[in-house]
Asks: 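Here it is, the structure, as structure tokens.
Whatever order the structure lists ligands and atoms in, that order sets their numbers, starting from 1.
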Amino acid sequence: MTDAHIHLEGGEYTVEWLEKFVRRAEETHMDEIRLLEHSYLFREFAPMYGCILGKNRFTDDWFSRKGGGKELSRYLALVGEARRRSYPVKLRFGLEVCYFEGAEEFVRRTARGLGLDFLVGSVHFIDGFAFDHNAELWAGVDVDNAYERYFESSVSLAESGVFDGIAHPDSIGLFGFTPSFSLEAYYEKLADAVSKSGMYAEENGGTHRRFPKTAPFGMNESLLRAMKRHGVRIVTASDAHTPEDVGAGIDEARRVVDTVTV
Ligand SMILES: [Zn+2]
Ligand SMILES: [Zn+2]
């Protein structure tokens with residue numbers, strides 16, 4: 001089994017820290033784990049976030065706390081060191097890059113050529129709105145418009161040709177806000193774009209683990225069905241941010257993916 005979405009960011013980029021994740025992967029019977037760090041952590045990606053700053057205070061405060069404080073070279077040094085060792089679990093290293101329409105060339109320039117195994121694209125912001133941080137931020141938000149922009153942005157991400165996979169598609173529903181219209185047409189469009197780009201899609205249980213009362217587990221069944229219909233590879237993912245969460249929900253994710261009929 002694979003856990004395709006694990007963050008090391010809670011500790012230093014050392015082999016000791018990494019090996020805690022590897023040990024947990026062994027305990028949870030993972031064959032492969034994919035480590036990926038958020039683009040916003042790194043100084044090299046900071047210029048890309050200019051497009052969401054100055055629009056609302058929450059996003060500005062968040063970025064001033066979390067954004068651009070780390071050096072990519074430190075992460076890459078750990079990747080190099082890990083590759084010189086051998087582990088009972090297959091390790092792959094990548095980045096989870098926030099997707100912004102218009103930043104495709106920047107991402108290509110900054111992230112391709114680093115020698116990483118993969119790049120995953122994520123929609124984490126809708127025109128500066130950090131929709132997945134807390135439910136209070138949704139107060140006064142036009143939910144229909146948020147959904148439209150989220151899926152339009154997701155389709156552009158898939159069409160950009162910059163990424164190997166799309167992270168947690170459909171995470172927009174995590175606080176239980178739903179649009180007044182059917183999402184079927186968007187699901188179809190997104191699945192088609194992901195398939196045409198040869199990308200994979202994650203069945204990611206992370207939002208459900210964070211917000212079990214409101215967040216559905218992984219993709220909406222209809223979206224998952226569309227992905228399967230289009231022959232998209234689905235990978236299971238925990239979105240772990242600690243060693244303890246490696247492998248969390250992977251059994252459930254696998255079961256869901258295997259049982260959904262096309
Ligand atoms: Zn994410
Ligand atoms: Zn993540």
Asks: Should Leu41 and Phe118 be counted in the same cluster of Ile, Leu, Val, Met, Phe, Trp and Tyr side chains packed under 4.5 Å apart?
Replies: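 No, separate clusters.
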
Asks: Determine, stepwise, if the pair Phe100 / Tyr49 fulfils ring pair (Phe, Tyr, Trp, His ring centres under 6.0 Å).
Replies: CA-CA 9 Å; Phe100 301 111; Tyr49 292 82; 5.4 Å; yes

Asks: Kindly determine whether Lys20 and Glu16 satisfy salt bridge (charged side-chain N to carboxylate O under 4.0 Å, His left out), including the steps that lead there.
Replies: CA-CA 7 Å; Lys20 289 183 198 288; Glu16 292 69 36; over 6 Å; no

Asks: Could you go through Asn56 and Leu137, starting from their C-alpha distance and side-chain angles, then the distance that decides it, and tell me whether this counts as side chain to side chain contact (heavy atoms under 4.5 Å, CB included)?
Replies: CA-CA 10 Å; Asn56 71 69; Leu137 292 172; 5.7 Å; no

Asks: Can you confirm whether the side chains of Glu104 and Ser160 place a donor and an acceptor under 3.5 Å from each other?
Replies: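 Result is no, nothing qualifies.
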
Asks: What protein atoms of element N, O or S are positioned under 2.8 Å from the Zn ion (ligand 2)?
Replies: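 Within the sphere that stays under 2.8 Å of the Zn ion (ligand 2), the protein atoms of type N, O or S are His5 NE2, His7 NE2, Glu96 OE1, Asp239 OD1.
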
Asks: Excluding sequence neighbours, so at least two apart, what forms side-chain contact (heavy atoms from CB on, under 4.5 Å) with Thr242?
Replies: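 Partners of Thr242 under the side-chain contact (heavy atoms from CB on, under 4.5 Å) test: Glu244, Asp245.
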
